[in-house]
Amino acid sequence: MISELSEREKTILGKLSENGAVTVTALAQDLGLSEVTIRGDLKELEDKGWLNRTRGGAAPAIHRDIMERQRERPEQKNAIAKAAAALVQDGDVIMIEAGTTTALIARYLMGKRDIHIVTNSTLVFSYARMNPNLQITMTGGEFRRPTESLVGPIALQTIARLNVRLAFVGTDGFTLERGITTHLMEGAEIVKAMKAHAETTVLVADSSKYGKLGFSTVLPLSDLDLIITDDGLGDGATRDLAEAGIAVRREPSGIKNLELPVRN
């Protein structure tokens, strides 16, 4: 999780994201540190899963698009993920779709028991695998590096065989008129499949996504049971959504007493 890194580690990852690779010598010169210190930093970041060390430097362990998105609005994303995780009960079977906010939900399931996660996200897997109380089912499918996701017929067939209580999905943008949207058609099919096999579907998206449009419409907002976002979503937008019958929770407020809305 990017917020748990030191400022120097964040700087190194920033340079890695910008350049696609870094060298020990260049980092030492840029940061005014010894090469021994930089090598130690690179080893720490490799142990944390952020990069792969190479001869004389390092390369990203994940796609640079993911790295950039993980660096954006970390406080809001963590508040949203924490609120989403609070909805999960002991013994639940849940689905988590690929995304930088959705992936963080797995980090906040510590202390819960007998949770079974179905996911198409390798980021979710990287977080969930550290928790012995989580059972993980990967959908399988074709790997898409820019989104750290598994998509395609195999992923869809896996989801179609399963039924869960909660599905947590993300989005590239959402509006009242167009619903939740994405730039990737394959991702849209995953979200639709998860919604079809879940009792309750929850969108987790920071407020910067509101008003943005992806290439493909995935679902109308009326198909969602709840939207969890941050308090950057304006009162006007919140009121418009509420008047349309869309349940919205803005974080960080209300995390302690978060409950699912009851639909008639």
Side-chain angles (χ1 to χ4, degrees), residues 66 69 76-77 79-88 92-109 115-125 127-128 136-139 141 144 147-152 155-156 158-160 162-176 178-210 212-230 233 241 246-249 251 258 260-261 263:
I66 293 289
R69 284 168 27 212
Q76 291 87 347
K77 289 181 177 181
I80 292 165
K82 184 176 181 180
L87 301 178
V88 180
D92 265 345
V93 183
I94 65 175
M95 290 183 182
I96 304 180
E97 189 243 339
T100 54
T101 305
T102 50
L104 291 171
I105 295 170
R107 295 292 299 265
Y108 290 102
L109 295 176
I115 306 300
H116 188 161
I117 295 175
V118 179
T119 186
N120 71 321
S121 168
T122 54
L123 283 181
V124 170
F125 175 75
Y127 292 147
I136 310 164
T137 295
M138 299 296 294
T139 63
R144 294 292 181 263
T147 54
E148 291 287 325
S149 65
L150 299 166
V151 297
L156 293 172
T158 300
I159 295 169
L162 306 172
N163 298 292
V164 304
R165 189 176 78 87
L166 288 165
F168 296 102
V169 301
T171 184
D172 290 323
F174 66 105
T175 69
L176 190 54
R178 303 291 180 85
I180 62 175
T181 60
T182 181
H183 298 302
L184 300 174
M185 296 289 289
E186 293 170 315
E189 295 306 312
I190 295 291
V191 173
K192 291 176 182 177
M194 288 187 172
K195 187 265 183 301
H197 290 270
E199 295 177 20
T200 300
T201 303
V202 180
L203 173 67
V204 292
D206 70 77
S207 59
S208 71
K209 300 289 183 65
Y210 186 71
K212 292 183 178 178
L213 286 175
F215 174 69
S216 173
T217 293
V218 184
L219 295 171
L221 296 189
S222 58
D223 277 3
L224 302 171
D225 295 283
L226 177 64
I227 297 174
I228 304 178
T229 186
D230 60 81
L233 185 70
L241 291 167
I246 311 301
V248 179
R249 302 290 171 87
E251 300 303 329
L258 189 68
L260 282 171
R263 283 199 163 185

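This chain uses plain numbering: 1 for the first residue, then up along the sequence. These numbers come from a predicted model, not from an experiment.
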Worked check of side chain to side chain contact (heavy atoms under 4.5 Å, CB included) between Thr147 and Glu186:
CA-CA 11 Å; Thr147 54; Glu186 293 170 315; over 6 Å; no

Non-hydrogen side-chain atoms of [X] and [Y] separated by less than 4.5 Å:
| X | Y | result |
| --- | --- | --- |
| Met194 | Phe168 | no |
| Ile117 | Leu109 | yes |
| Thr175 | Leu213 | yes |
| Thr158 | Leu150 | no |
| Met138 | Asn120 | no |
| Val169 | Lys195 | no |

What distance separates [X] [atom1] from [Y] [atom2], expressed to the nearest 0.5 Å?
| X | Y | atom1 | atom2 | result |
| --- | --- | --- | --- | --- |
| Asp230 | Lys77 | CG | NZ | 10.5 Å |
| Tyr127 | Thr102 | OH | OG1 | 10.0 Å |
| Asp92 | Leu87 | CG | CG | 9.5 Å |
| Leu184 | Arg144 | CG | CZ | 9.0 Å |
| Arg107 | Leu123 | CZ | CG | 11.5 Å |
| Glu97 | Thr201 | CD | OG1 | 11.0 Å |

Indicate the atoms forming the closest heavy-atom contact of [X] with [Y], along with that distance.
| X | Y | answer |
| --- | --- | --- |
| Ile136 | Thr119 | CG2-CG2, 4.5 Å |
| Thr181 | Gly214 | OG1-N, 2.6 Å |
| Ser121 | Ala98 | CB-CA, 3.6 Å |
| Leu156 | Ala193 | CD2-CB, 3.9 Å |
| Val164 | Val93 | CB-O, 3.2 Å |
| Thr229 | Ser207 | OG1-N, 3.1 Å |

Counterpart residues, side chain to side chain contact (heavy atoms under 4.5 Å, CB included), relative to Ala205 (two or more places apart)
Thr171, Phe174, Leu203, Lys209

Report, as yes or no, whether the 6.0 Å neighbourhood of atom CZ on Arg178 holds more than 12 heavy atoms from other residues, nucleotides or ligands.
no

For Ala155, does its backbone N or O pair with a side-chain atom of Thr139 as donor and acceptor, under 3.5 Å?
no

Using the side chain to side chain contact (heavy atoms under 4.5 Å, CB included) rule, take Leu224 and Ile246 through it: C-alpha gap first, then chi angles, then the decisive distance, then the call.
CA-CA 8 Å; Leu224 302 171; Ile246 311 301; 5.7 Å; no

So, using salt bridge (charged side-chain N to carboxylate O under 4.0 Å, His left out) as the criterion, who are the partners of Lys192 when residues are at least two apart?
Glu189

CA sep, side-chain torsions, deciding dist, call: Thr200, Leu226, side chain to side chain contact (heavy atoms under 4.5 Å, CB included)
CA-CA 8 Å; Thr200 300; Leu226 177 64; 5.9 Å; no

Under the side chain to side chain donor-acceptor pair (under 3.5 Å) test, residues paired with Thr182 that sit two or more places apart
Asp172

